[in-house]
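Working notes, beginning with the structure itself.
Just so you know, ligand 1 is whichever comes first in the structure, and atom 1 is the first atom listed for that ligand. Given the structure is predicted, the values throughout are model-derived calculations rather than measurements. We number each residue from 1, following the sequence as shown.
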Amino acid sequence: MKKVLVTGGLGYIGSHTVVALQEAGFEVLVIDDLSNAELEVVERIEKITGILPHFEQIDLREKKSVTDFFDRNKMDGIIHFAASKAVGESVENPLLYYENNLNTLIYLLQQCDSHKITNFIFSSSCTVYGEPDNLPVTENAPIKLALSPYGNTKQISEEIIFDSCAASALQSISLRYFNPIGAHESAEIGELPIGTPQNLVPFITQTAAGLRDELSVFGDDYPTKDGSCIRDYVHVVDLANAHVVALQRLFSEENLLNYEVFNLGTGKGNSVLEVVHAFEKVTGEKLNYKIVGRRHGDVVSVYADTTKANEILGWKTQRTMEEALASAWKWEKKLRGS
Ligand code: UD1
């Protein structure tokens, strides 16, 4: 049985990926610093899969703790999620983001080198494309000047991994996520935003649940079908499954290059207003929303060309946006005890 370390494994995408890995027969070790996740998620994972993952609370910025962990644990591969991800916060506190997202990556890669771990999957983002010139966006699209320190950490991380692959036996895949939404069908795990949600779907579900008065739709004067921004909303369970496929690709040495990149999206762009109306339709809830001004830093439209992931990785989404919205609502209601 292959053993896989998942950093940030109690977070939103991480926890769904731990479930997918266990279901695919991998033994999973989880590291999380609990800065943006609840310890209880470990038991919730066990509730779904029947397997309690080995968990250690470690802050990956502490180099000594990282070294110690690798000296005590053997593993065949790593999926690295642990990172800070709030765009606005990164603008206010860039050094925190560079420390959190880059130092940690470097420490992990150093351990890969000294412990001869050669399989590494990285959580990247469509943010690396900025405002793309052509849609849908392919992996060959140019990397644009980052709009935030957060986005810059994803670009720099990809470069660090690329250089490490060129200089060692490391083989790695960066997965560029579009907009992950939804929750596990069991409603045991899902997105747990701290404070006011910055992302669209948790804001929608909290508004429908009565925690927020109304959703602000940021702009209806964009050059799009209904004036609101377009994104590619992908079910988090589909996204989680892609990590299993990517890891299997490395383990079976099917990768064509020692560093590969794949877009993970549905290939379909939906506007903010379409998401709002789809949510109302699938849940039967009336959503209180108003149109406000544009949000600084938003790209107008971005959605994935998924050909490479479909044909080379052999991965395709199996769930619709409507299913994702329904699962997000089920999760929100369970959180609120209704
Ligand atoms: C953002 C980042 C992305 C990052 C992700 C992590 C940018 C340009 N993109 O994605 O790099 O990986 O967060 O969480 O910063 N919206 C509303 N009202 C709301 C919230 C959102 O109208 O209350 C709209 C936004 O304007 C946007 C869409 O909903 O058009 C999606 O927003 P969000 O969920 O925040 O994701 P991104 O901004 O696409």
Is there a salt bridge (charged side-chain N to carboxylate O under 4.0 Å, His left out) between Asp238 and Lys316? Walk through the geometry before answering. CA-CA 8 Å; Asp238 280 331; Lys316 255 196 177 79; over 6 Å; no

Atoms of ligand 1 less than 4.0 Å from Asn179 heavy atoms? 31 (C), 36 (O), 37 (P), 39 (O)

For ligand 1, which atoms sit closer than 4.0 Å to a heavy atom of Cys229? 30 (O)

Identify, by atom number and element, the atoms of ligand 1 in contact range of Val272, meaning under 4.0 Å from any of its heavy atoms. 22 (O), 24 (C), 28 (C), 29 (O), 30 (O)

Looking at Phe262, does the NZ or CZ of Lys308 lie under 6.0 angstrom from its six-membered ring centre and within 45 degrees of the ring axis? yes

To which protein heavy atom is atom 14 (O) of ligand 1 closest, and what is the distance rounded to 0.1 Å? Asn199 ND2, 3.1 Å

Heavy-atom nearest option to atom 19 (C) of ligand 1, drawn from Phe203, Phe218, Tyr12, Tyr222: Phe218

Residue among Ile181, Val236, Ile13, Asn199 satisfying side chain to side chain contact (heavy atoms under 4.5 Å, CB included) with Glu191: Asn199

Closest protein heavy atom to atom 6 (C) of ligand 1, given as residue, atom name and distance to 0.1 Å: Lys85 O, 3.8 Å

Check for me whether Tyr150 has a heavy atom closer than 4.0 Å to any atom of ligand 1. yes

For Val217, the ligand 1 atoms whose distance to one of its heavy atoms is below 4.0 Å: 22 (O)

Salt-bridge criterion met for Glu274 and Lys225 (N-O under 4.0 Å): yes

So for atom CG, which belongs to Leu145, do other residues, nucleotides or ligands contribute more than 12 heavy atoms lying within a distance under 6.0 Å? no

Around Glu38, counting heavy atoms of other residues, nucleotides and ligands shown, do more than 12 lie under 6.0 Å from its CD? no

Check ligand 1 against Arg231 and write out every atom of the ligand that is under 4.0 Å from a heavy-atom position of the residue. 27 (C), 30 (O), 37 (P), 39 (O)

Ligand 1 atoms nearer than 4.0 angstrom to some heavy atom of Ser125 are 11 (O), 12 (O)

Taking the side chain as everything from C-beta on, heavy atoms only, tell me whether Val300 gets closer than 4.5 Å to Glu131. yes

Among Val87, Leu147, Thr224, Thr127, which one has a heavy atom closest to atom 2 (C) of ligand 1? Val87

Shortest protein heavy-atom distance from atom 26 (O) of ligand 1, along with the residue and atom involved: Asp298 OD2, 2.5 Å

Go through the steps for Arg176 and Glu158 under the test salt bridge (charged side-chain N to carboxylate O under 4.0 Å, His left out), then give the verdict. CA-CA 10 Å; Arg176 292 178 179 160; Glu158 287 200 16; 2.6 Å; yes

Give a yes-or-no answer on whether the side chains of Ser168 and Asp113 include a donor-acceptor pair shorter than 3.5 Å. no

Give the single entry among Glu191, Arg294, Gln198, Arg295 that approaches atom 38 (O) of ligand 1 most closely by any heavy atom. Arg295

For atom 34 (O) of ligand 1, the protein heavy atom that lies nearest, with its residue and separation: Leu200 N, 2.8 Å

Which atoms of ligand 1 are found less than 4.0 Å from any heavy atom of Gly297? 8 (C)

So is Val299 polar-close to ligand 1, meaning N/O to N/O under 3.5 Å? no

Minimum distance, heavy atoms only, to atom 18 (N) of ligand 1: which one of Pro180, Ser216, Ser123 is it? Ser216

Contact between Leu29 and Lys3 at the side-chain level, heavy atoms closer than 4.5 Å - yes or no? yes

Partner set under side-chain hydrogen bond (donor to acceptor under 3.5 Å, both in side chains) for Asn119, not counting sequence neighbours: Gln171

I need the nearest protein heavy-atom contact for atom 28 (C) of ligand 1: residue, atom name and distance, please. Tyr233 OH, 3.5 Å

